[in-house]
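Accompanying notes for the structure given below.
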Amino acid sequence: MSTPVTSLDQLNLAFADRFNARDLDGLMALNAPAVVFVPAPGQPVMGDDAVRGALEQFLGLNLPIVMTVRHVFESDGVGLAVADWTIDGTAPDGSPIALAGTTADVAVHDETHGWRYAIDNPFGTA
């Protein structure tokens, strides 16, 4: 079991660490039940299988993610995390990859699980 994220400003960084370790189960553990993941602008997915599949596609690029937390705001167990991210390099098929975005993620906190995504929206400003 992955270590809970105890501070909201660490949630996006925990995502990056687990992403770069190719830890799909660890990434899934960062999600609250009924999470909404938006792998492309305006295209939300829900349900463990759909979210897992979308994350697998990103991991399939076999490239690292760089994450810089910009802002976090929280109130009574609900938080908003805003972070800039990039995925740059060469895809397994040899094509160049240059992805970037600014997240707008809604998170929830409880004592047992720490901070987890309720809405993971990596292209939040798109």
Side-chain angles (χ1 to χ4, degrees):
M1 181 172 171
S2 299
T3 304
V5 177
T6 58
S7 177
L8 181 56
D9 64 348
Q10 296 299 303
L11 182 58
N12 293 109
L13 300 177
F15 180 95
D17 288 345
R18 295 173 192 193
F19 185 97
N20 291 337
R22 305 296 182 256
D23 180 3
L24 182 56
D25 290 334
L27 288 170
M28 292 298 293
L30 292 174
N31 296 329
V35 66
V36 175
F37 180 53
V38 189
Q43 299 180 16
V45 297
M46 296 180 346
D48 284 349
D49 290 342
V51 171
R52 182 177 285 276
L55 287 169
E56 284 177 326
Q57 287 186 333
F58 280 108
L59 291 177
L61 297 173
N62 202 30
L63 294 171
I65 191 169
V66 175
M67 187 85 64
T68 304
V69 177
R70 192 189 297 187
H71 304 289
V72 294
F73 307 99
E74 59 184 273
S75 175
D76 197 26
V78 177
L80 174 66
V82 177
D84 300 315
W85 61 270
T86 58
I87 298 174
D88 289 309
T90 304
D93 68 2
S95 63
I97 298 286
L99 297 173
T102 299
T103 68
D105 300 326
V106 177
V108 292
H109 181 270
D110 68 59
E111 291 303 318
T112 303
H113 301 99
W115 285 101
R116 295 185 295 169
Y117 294 104
I119 302 171
D120 184 351
N121 187 17
F123 296 97
T125 60

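One-based numbering along the sequence shown. Since the structure is predicted, the reported quantities are computational estimates derived from the model, not experimental observations. Keep in mind that the numbers below use all heavy atoms, side chains included, and drop hydrogens, waters and symmetry copies.
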Distance-only, no hydrogens or angles: does the D9 side chain make a donor-acceptor pair with backbone N or O of V69 under 3.5 Å? no

Begin with the C-alpha distance, continue with both residues' side-chain angles, and end with the deciding distance and a verdict on side-chain contact (heavy atoms from CB on, under 4.5 Å) for T103 and N12. CA-CA 9 Å; T103 68; N12 293 109; 4.1 Å; yes

Does one side chain, of T68 or D84, offer a donor that lies under 3.5 Å from an acceptor on the other? no

Please assess E111 against H113 for the test side-chain contact (heavy atoms from CB on, under 4.5 Å), listing each intermediate value before the final yes or no. CA-CA 6 Å; E111 291 303 318; H113 301 99; over 6 Å; no

Answer with yes or no whether the hydrophobic clustering places L27 together with V108; edges join I, L, V, M, F, W, Y residues whose side-chain heavy atoms lie under 4.5 Å apart. no

With distance as the sole criterion, is a donor-acceptor pair present between the side chains of N31 and D120 under 3.5 Å? no

Group every Ile, Leu, Val, Met, Phe, Trp and Tyr by side-chain heavy-atom contacts under 4.5 Å, then state whether M28 and V5 land in the same group. yes

Tightest non-hydrogen contact, residues G79 and W115, listed as N-CZ3, 3.6 Å

Any chance CG of D76 has more than 12 other-residue heavy atoms, nucleotides or ligands included, within less than 6.0 Å? no

Please answer: with hydrophobic residues joined when any side-chain heavy atoms are less than 4.5 Å apart, are V66 and L13 in the same cluster? no

Check the hydrophobic clustering (I, L, V, M, F, W, Y; side-chain heavy atoms under 4.5 Å; chains of links allowed) and say if I65 and I97 are grouped together. yes

As an exercise, state the distance from CG of L8 to CG of L80, rounded to the nearest 0.5 Å. 8.0 Å

Are the side chain of W85 and the backbone of P122 linked by a donor-acceptor contact shorter than 3.5 Å? yes

Would you say L99 and T86 make side-chain contact, with heavy atoms under 4.5 Å? no

Note: D88 and A98 closest approach over all heavy atoms is OD1-CA, 3.2 Å

F58 side, atom CZ; L55 side, atom CG - distance, nearest 0.5 Å: 8.0 Å

Look at the side-chain heavy atoms of Ile, Leu, Val, Met, Phe, Trp and Tyr, link any pair under 4.5 Å apart, and say whether F15 and V45 land in one connected group. yes

Taking R18 for its side chain and G26 for its backbone only, find out whether a donor-acceptor pair lies under 3.5 Å. yes

Hey, what do you get for CG (D110) to CZ (R116), rounding to the nearest 0.5 Å? 5.5 Å

Here the ring-ring contact (aromatic ring centres under 6.0 Å, His included) pairs for residues 59-79, sequence neighbours left out, are H71-F73

Do R22 and N62 make a side-chain contact, defined as non-hydrogen atoms from C-beta onward lying under 4.5 Å apart? yes

Would you say that more than 12 heavy atoms from the other residues, nucleotides or ligands in this model lie under 6.0 Å from the CG of N20, or not? yes

Pairwise distance CD1(I87) to CG(L63) - rounded to 0.5 angstrom: 7.0 Å

Any chance you could measure E56, atom CD, to L61, atom CG, to the nearest 0.5 Å? 12.5 Å

Of all the heavy-atom pairs spanning P39 and F123, show the shortest one and how long it is. O-CE1, 3.2 Å

Minimum heavy-atom separation for V36 and P44, please, with both atom names. CG1-CB, 3.7 Å

Interatomic spacing from CG in L11 to CG in L30 - rounded to 0.5 Å: 6.0 Å

Before you tell me yes or no, could you show the steps for F19 and L24 under side-chain contact (heavy atoms from CB on, under 4.5 Å), namely the whole-Å CA-CA distance, both residues' side-chain angles and the distance that decides it to 0.1 Å? CA-CA 7 Å; F19 185 97; L24 182 56; over 6 Å; no

